[in-house]
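Following: one structure in structure tokens, then a few remarks.
Given the structure is predicted, the values throughout are model-derived calculations rather than measurements.
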Amino acid sequence: ASPDSVITIDSKGVVQSFNHSAELLFGYTAAYMIGRNIKLLMPKAIALEHDYYLERCDPGAASGVIGQLREVEGMKRDGTLVPLELSVSTVALNNETLYIGLLRDITERKRAEQRAAREEMENRLLDRAAAIAANVGSFKPALQAILDLTCKTIQWPVGHAYIASDDLQRLLPSDIWYLRDESAYAPFRELTRKTEFGLGE
């Protein structure tokens with residue numbers, strides 16, 4: 001009845017139990033997963049790391065994984081990757097060590113963190129852009145500096161500033177560009193020079 005996914009594996013990584021929450025999370029039934037390797041639920045790079053860990057893990061020793069809460073990435077039946085919070089404990093049963101994984105889907109939490117980080121970045125960017133606008137005397141140099149700042153902050157390799165027409169009805173291409181590589185994007189740049197936008201476009 002746990003709302004969290006609970007999966008038990010043996011020392012070889014073979015699934016011994018797979019609760020209902022795990023079925024809902026990963027899209028596999030318990031009947032399908034039991035007897036299969038837990039690697040089925042992992043991206044390839046993590047699966048290789050998991051093999052390495054199981055081969056060298058001493059269940060009786062303190063470990064950087066056992067008892068520690070950490071973030072990992074799981075893979076659903078349809079190939080979708082999902083961020084997870086994982087806690088692993090061990091239990092001895094019939095002279096064998098079993099590993100019990102408690103997993104929680106943290107997709108919404110990660111989205112919230114990303115939104116907060118993006119909003120913080122945008123606010124910093126706006127503050128710096130406002131400072132540039134206040135300290136640079138003329139329009140085009142200020143716009144160039146703000147475009148450079150924006151592209152570097154959000155890691156765009158190319159950026160262009162359109163400027164409103166005098167009647168504010170159209171956006172017109174300008175000579176203000178940010179280019180990480182001066183020799184790149186020639187077709188895009190040429191098309192941009194020929195393209196205007198009206199209201200709503």
Side-chain angles (χ1 to χ4, degrees), residues 3-5 21-29 39-49 69-86 103-201:
D4 294 325
S5 298
S21 293
E23 292 180 313
L24 296 176
L25 174 62
F26 289 103
Y28 294 102
T29 65
K39 291 189 295 185
L40 186 62
L41 309 179
M42 303 176 186
K44 186 175 181 180
I46 298 176
L48 293 173
E49 179 183 319
L69 196 63
R70 63 194 185 112
E71 292 184 7
V72 298
E73 204 170 38
M75 187 168 66
K76 297 185 178 185
R77 183 177 181 177
D78 63 3
T80 302
L81 299 180
V82 56
L84 301 167
E85 195 172 69
L86 169 66
L103 300 111
R104 178 171 297 169
D105 185 347
I106 56 171
T107 300
E108 289 306 315
R109 189 180 82 192
K110 299 301 286 185
R111 285 176 181 163
E113 290 173 355
Q114 289 167 359
R115 282 195 299 269
R118 185 174 63 248
E119 289 170 3
E120 182 182 355
M121 179 197 71
E122 289 170 352
N123 289 334
R124 287 200 311 267
L125 187 58
L126 287 171
D127 287 344
R128 293 177 67 186
I132 290 170
N135 293 316
V136 177
S138 56
F139 174 69
K140 283 194 173 183
L143 189 54
Q144 180 70 67
I146 291 169
L147 180 65
D148 292 348
L149 169 66
T150 301
C151 292
K152 289 175 182 176
T153 300
I154 59 180
Q155 299 182 348
W156 279 3
V158 57
H160 177 68
Y162 275 82
I163 298 176
S165 60
D166 292 339
D167 62 3
L168 304 182
Q169 297 301 300
R170 300 193 67 74
L171 285 176
L172 310 176
S174 71
D175 58 356
I176 299 173
W177 287 85
Y178 169 83
L179 294 164
R180 187 183 298 165
D181 180 354
E182 291 285 345
S183 64
Y185 306 101
F188 173 72
R189 293 165 65 188
E190 184 60 29
L191 183 61
T192 300
R193 291 189 186 98
K194 301 175 182 177
T195 305
E196 299 180 4
F197 294 101
L199 287 176
E201 296 181 313

Residue pairs fulfilling ring-ring contact (aromatic ring centres under 6.0 Å, His included) with at least one residue in residues 166-196, sequence neighbours excluded: His160-Trp177
Partner set under ring pair (Phe, Tyr, Trp, His ring centres under 6.0 Å) for Phe197, not counting sequence neighbours: Tyr162
Least distance between heavy atoms, Ala142 atom then Ala133 atom: CB-CA, 4.5 Å
Results of side chain to side chain donor-acceptor pair (under 3.5 Å) for Glu201 - residues two or more places apart only: none
For Thr107, side chain to side chain donor-acceptor pair (under 3.5 Å) partners two or more places apart: Asp105
Closest heavy-atom pair and its distance - Ala145, Ile132: CB-CG2, 3.7 Å
Test side-chain contact (heavy atoms from CB on, under 4.5 Å) applied to Lys110 - qualifying residues, sequence neighbours left out: Glu71, Pro83, Ile106, Glu113
Beyond-backbone contact of Met75 with Leu41, side-chain heavy atoms, under 4.5 angstrom: no
Pairwise side-chain contact, Ser165 with Leu172, heavy-atom cut-off 4.5 Å (strictly under): yes
Asp166: side chain to side chain donor-acceptor pair (under 3.5 Å) partners, not counting sequence neighbours: none
Pair listing, side chain to side chain donor-acceptor pair (under 3.5 Å) test, anchored in residues 146-157, at least two apart: Gln144-Asp148
CZ (Arg128) with more than 12 external heavy atoms under 6.0 Å: no
Under the salt bridge (Lys or Arg N to Asp or Glu O under 4.0 Å) test, residues paired with Asp175 that sit two or more places apart: Lys140
Qualifying residues under side-chain contact (heavy atoms from CB on, under 4.5 Å), relative to Glu190, sequence neighbours excluded: Arg193, Lys194
Atom of Ala129, atom of Leu149 and distance for their closest heavy-atom approach: N-CD2, 4.0 Å
Leu191 versus Thr195, closest heavy-atom pair with distance: O-OG1, 2.6 Å
Residues that Arg118 engages under side chain to side chain donor-acceptor pair (under 3.5 Å), provided they are two or more places apart: none
Arg115 and Glu119 ion-paired at < 4.0 Å: no
Minimum-distance pair of heavy atoms, taken over all atoms of Ile163 and Ser174: CD1-CB, 3.7 Å
Residues which pass side-chain contact (heavy atoms from CB on, under 4.5 Å) with Asn123, listed by chain and number, not counting sequence neighbours: none
Among Leu84, Leu25, Leu86, side-chain contact (heavy atoms from CB on, under 4.5 Å) partner for Ser5: Leu25
Listed partners of Ser138 passing side-chain contact (heavy atoms from CB on, under 4.5 Å), at least two apart: Pro141
Atom pair CG/CD of Asp127 and Glu122 - distance to nearest 0.5 Å: 12.0 Å
